Protein chains: 2
Amino acid sequence: MSIKKEITIYDLAKELNYSPSTISRALNDHKSISKKTVQRIKNAAEEMGYRPNTLAAGLRNNKSKTIGISISRINRPFMSSLISGIEEAARNAGYNVIISQSDDKYKNELSNTKALYDSRISGLIVSLSMETSDYKHFNQFIDQGIPVVFVDRVPASLNSYKVVIDNYSAGYSATKHLIEQGCKRIAHFAGAQHRNVYEERKKGYVDALKEHGLPVEKELIKYFKTLSFEEGRKTTAKLMALPNPPDGIFSANDTAAVSAIIYAKSMGIKVPEDLAIIGFNDDPISSIVDPALSTVSHPAAKMGEISAKRILEHSRANYDKTISEVTILNTELIIRDSSNRAKALLKSKKSRQPKT
Amino acid sequence: MSIKKEITIYDLAKELNYSPSTISRALNDHKSISKKTVQRIKNAAEEMGYRPNTLAAGLRNNKSKTIGISISRINRPFMSSLISGIEEAARNAGYNVIISQSDDKYKNELSNTKALYDSRISGLIVSLSMETSDYKHFNQFIDQGIPVVFVDRVPASLNSYKVVIDNYSAGYSATKHLIEQGCKRIAHFAGAQHRNVYEERKKGYVDALKEHGLPVEKELIKYFKTLSFEEGRKTTAKLMALPNPPDGIFSANDTAAVSAIIYAKSMGIKVPEDLAIIGFNDDPISSIVDPALSTVSHPAAKMGEISAKRILEHSRANYDKTISEVTILNTELIIRDSSNRAKALLKSKKSRQPKT
DNA sequence: ATAGCTAACGAAATCGTTTTCGTAAACATA
DNA sequence: TATGTTTACGAAAACGATTTCGTTAGCTAT
């Protein structure tokens with residue numbers, strides 16, 4: 001009802017007989033103000049209910065305490081966890097987080113980053129859209145000394161902060177695991193190869209086959225557009241209709257892997273006995289599908305947290321240029337039933353025993 | 001590298017021999033500037049690469065073109081879809097979205113809304129934390145004429161914008177569906193009863209039982225703290241160990257419902273024949289679990305979109321007070337295998353036929 | 001012709017902080 | 001004593017857009 005007047009540093013200045021400059025400095029812990037004065041001022045600020053006007057500060061500094069995010073879509077498990085991690089770290093440091101979705105379109109990523117730039121963000125965290133192959137739109141940030149952190153889907157060339165997992169090793173381990181389960185013909189559901197994550201996962205797959213003396217067959221490597229459920233279903237159908245179908249699948253994501261499990265079950269193909277399957281991401285669906293999907297877990301929230309911290313550090317240190325620094329996080333191979341042939345064998349023996 | 005000077009309305013004014021006032025008005029389509037001039041100015045602005053400084057405008061207006069969100073956690077299917085819808089609508093209107101997570105703690109919701117208030121948001125979209133029972137922290141917004149939209153989890157009392165689904169009817173329909181499937185003893189996984197959504201779902205359940213001549217038994221209504229997987233598992237175990245166990249479950253969310261399915265399967269209890277189960281939300285896991293979970297679908301993204309639009313309208317209309325306006329969206333009952341006894345019966349007959 | 005009106009624009013204050021130069025006092029040094 | 005050096009603070013100009021009052025010119029009605 002009654003519109004309360006917001007109190008400003010001028011009000012504090014008048015009240016305490018200091019100049020606004022001193023108030024400002026005291027509130028920001030500037031060293032040239034004595035500890036005593038700082039305390040006095042902070043106490044008064046607290047008492048009088050002073051609240052900093054971030055817009056004014058932002059205008060003056062040409063920078064707002066805000067971290068911008070550009071991602072494909074929020075409503076995917078990996079992305080929402082990533083954001084969750086970013087938000088938590090940012091808020092603890094008094095930063096806001098503003099998000100924008102590209103929907104995997106280059107055009108949207110372009111306009112979103114422009115809008116974020118106009119919002120005078122302190123830093124940008126990006127997971128590239130599927131379509132992006134030109135990175136000029138990030139130069140405006142880098143040129144201005146605004147840190148850009150690429151996370152997960154990163155550009156190969158650009159010098160900047162990067163937070164990633166070791167996709168190559170993860171792909172290698174996942175494939176090796178299938179080989180150890182006795183698979184001889186392992187198919188791969190590959191994502192768009194210009195995105196580092198999918199390219200590297202595939203490389204890991206290829207090298208694992210080679211190093212274990214298995215042939216790399218083109219007909220077993222399927223390139224997906226979106227790694228969607230529907231795409232996975234169709235691809236699995238094609239693969240299993242081959243004269244010599246695969247006995248294992250390493251999918252670059254869980255959605256497609258789950259669709260393969262479900263398709264296989266519907267066709268009476270036994271998972272993992274006839275077809276061992278492993279996915280990537282450890283989405284919630286992977287532990288719900290039956291048999292539960294083996295997968296590679298991705299520390300999404302942690303990646304978000306680290307990305308945010310890179311920006312906070314950069315801002316604190318007041319670097320004038322973006323520094324090139326790559327952080328590589330560990331993944332974890334999670335073995336569930338969809339690839340665990342030993343366990344499946346044991347179970348089928350047990351279930352046959354009562355009959356004998 | 002070269003720090004380009006941002007051009008301002010002053011630069012435009014100098015270039016075109018107008019005053020900054022005119023430039024500002026022209027860019028905002030103020031009526032007192034002639035169409036010709038507006039065009040000239042807009043063209044020049046485009047050409048010279050002018051970009052509005054939202055911070056300066058925000059400072060002057062004491063309001064930034066930003067929508068604040070306060071929710072429990074981002075990384076849940078419903079919430080991420082909600083945000084996705086908000087973000088899309090907001091961005092189309094040139095608004096930014098800043099999010100904050102309460103983690104279902106009242107304390108966090110309090111400090112987050114304070115921070116959002118300090119950010120001079122144009123409007124706030126809230127889905128209440130589980131703990132919240134005091135709504136004073138929203139008064140600062142309402143008193144200032146800043147619109148507050150409550151979505152999904154809304155307060156019963158406060159006069160404000162609300163965007164909800166008809167939880168009562170949904171709960172009633174879900175329960176009625178189980179009754180129609182022949183269930184006689186239907187259990188309910190209920191959420192915290194001070195949150196409208198859970199209270200209303202339960203009411204729908206109770207009334208459906210009553211109106212169909214079934215007794216409402218206290219031992220079959222289980223109150224959950226978080227409706228988590230683990231909680232669901234334990235609760236299902238207890239229920240099924242009763243001397244007279246239930247033959248149906250209506251769960252207030254999918255997570256708990258899925259845990260019930262998985263527990264039942266592990267115990268050899270047939271779903272839906274021995275135990276028909278229906279959930280709420282239509283999370284991705286519900287169509288992946290086997291048998292697939294019947295559930296109530298929640299138009300999450302749409303709710304986000306509408307919430308955002310309420311704020312945009314309010315801002316455009318320049319209302320000085322928050323208006324009380326409730327939007328109720330339709331839900332959809334999605335029948336899958338976990339409650340479809342007719343289909344299950346048919347299947348079991350078919351699978352027996354070959355033998356005869 | 002004069003008052004009254006409208007259309008189209010301008011001057012300058014304003015929003016609340018920050019920061020660049022200062023200055024003044026107190027103290028140390030040669 | 002004269003000269004630096006800190007320490008602790010202040011004046012005032014930014015930051016860029018908006019908006020409250022204007023003003024001026026041209027038109028209409030009487």
Side-chain angles (χ1 to χ4, degrees), chain A residues 3-42 44-45 48-66 94 117-120 122 144 315 318, chain B residues 3-42 44-45 48-66 94 117-120 122 144 315 318:
Chain A
I3 290 192
K4 280 177 248 158
K5 208 232 164 213
E6 283 285 338
I7 76 157
T8 72
I9 57 170
Y10 280 87
D11 300 325
L12 285 175
K14 207 160 285 173
E15 184 71 20
L16 297 177
N17 274 322
Y18 280 113
S19 77
S21 339
T22 303
I23 307 291
S24 170
R25 285 191 267 244
L27 293 173
N28 290 310
D29 286 313
H30 193 283
K31 61 186 172 175
S32 82
I33 307 296
S34 74
K35 309 263 178 201
K36 267 189 219 164
T37 317
V38 168
Q39 258 319 309
R40 260 189 52 152
I41 293 179
K42 282 193 175 174
M48 296 176 61
Y50 166 79
R51 345 197 77 189
N53 186 324
T54 54
L55 288 172
L59 170 61
R60 176 57 228 244
N61 298 330
N62 198 32
K63 188 161 289 183
S64 63
K65 278 198 164 190
T66 301
Y117 181 75
D118 290 348
S119 300
R120 272 72 180 176
S122 298
Q144 300 278 330
S315 297
N318 225 331
Chain B
I3 290 193
K4 284 177 243 159
K5 209 232 163 213
E6 284 286 336
I7 75 156
T8 72
I9 58 170
Y10 282 88
D11 300 324
L12 286 173
K14 208 160 286 175
E15 184 71 20
L16 296 177
N17 274 322
Y18 280 114
S19 76
S21 339
T22 304
I23 307 290
S24 169
R25 284 191 268 244
L27 293 172
N28 290 310
D29 287 310
H30 193 281
K31 61 186 171 176
S32 82
I33 307 295
S34 75
K35 308 265 179 201
K36 267 188 220 165
T37 317
V38 168
Q39 259 318 309
R40 262 191 48 155
I41 291 180
K42 282 193 175 174
M48 296 177 61
Y50 166 78
R51 346 198 79 189
N53 186 325
T54 54
L55 288 173
L59 171 60
R60 178 57 228 244
N61 298 329
N62 198 32
K63 190 161 290 184
S64 64
K65 280 198 161 191
T66 301
Y117 181 75
D118 290 347
S119 302
R120 271 73 177 175
S122 298
Q144 300 278 330
S315 297
N318 225 332

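Below, read A as the first sequence line, B as the second, and so on, with proteins coming before strands; counting in each chain starts at 1. The basis for the numbers below is simple: all heavy atoms, side chains too, and nothing from hydrogens, waters or symmetry mates. Predicted model, so just to flag it, every value in this text is computed and none were measured.
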Scan B/Asn17 against the nucleic acid and name what it touches under 4.0 Å (heavy atoms): base, sugar-phosphate only, or nothing. sugar-phosphate
Student check: side-chain heavy atoms of B/Glu6 and A/Asp118 closer than 4.5 Å: no
Can you measure B/Ile23 atom CD1 to D/dG16 atom C1' for me and round it to whole angstrom units? 13 Å
Would you mind reporting whether A/Met48 and A/Leu12 have side-chain heavy atoms less than 4.5 Å apart? yes
Could you tell me the separation between the NZ atom of A/Lys63 and the C1' atom of D/dG16, rounded to a whole number of Å? 17 Å
Measure across A/Leu27 and A/Ala45 and return the closest heavy-atom pair with its distance rounded to 0.1 Å. CD2-CB, 4.1 Å
Check whether any side-chain nitrogen or oxygen of A/Thr37 sits under 4.0 Å from OP1 or OP2 of D/dC9, and answer yes or no. yes
B/His30 has an atom NE2; how far is it from atom P of C/dA8, in whole Å? 12 Å
Does a side-chain N or O from A/Ser34 land closer than 4.0 Å to OP1 or OP2 of D/dT7, or not? no
What is the distance, to the nearest angstrom, from the CG atom on A/Leu12 to the P atom on D/dG10? 13 Å
Got a list of protein N/O to nucleotides 22-26 of chain D N/O distances below 3.5 Å?
none

Can you measure from CG (B/Asn17) to OG1 (B/Thr22) and round to the nearest 0.5 angstrom? 11.5 Å
I need the NZ-P distance between A/Lys36 and D/dT7, as an integer number of Å. 15 Å
Of all heavy-atom pairs between B/Leu59 and A/Ala56, which one has the smallest distance, and what is that distance? CD1-CB, 3.6 Å
For the student: nearest non-hydrogen atoms of B/Ala26 and B/Val38, plus distance: O-CG1, 3.8 Å
For the residue pair A/Ile7 and A/Tyr50, what are the closest heavy atoms and their distance? O-CD1, 3.3 Å
Quick check: closest heavy atoms across B/Asn53 and A/Arg120, and the distance to 0.1 Å? ND2-NH2, 3.6 Å
Using a 4.0 Å heavy-atom cut-off to protein, can you give one letter per nucleotide of nucleotides 12-21 of chain C, 5' to 3': B if the base is in contact, S if only the sugar-phosphate is, - if neither? BBBBBBBBB-
Heavy atoms only: give me the nearest B/Ser24-B/Ile9 pair and the separation to one decimal. CB-CD1, 4.3 Å
Tell me the interatomic distance from B/Lys14, atom NZ, to D/dG16, atom P, rounded to whole angstroms. 12 Å
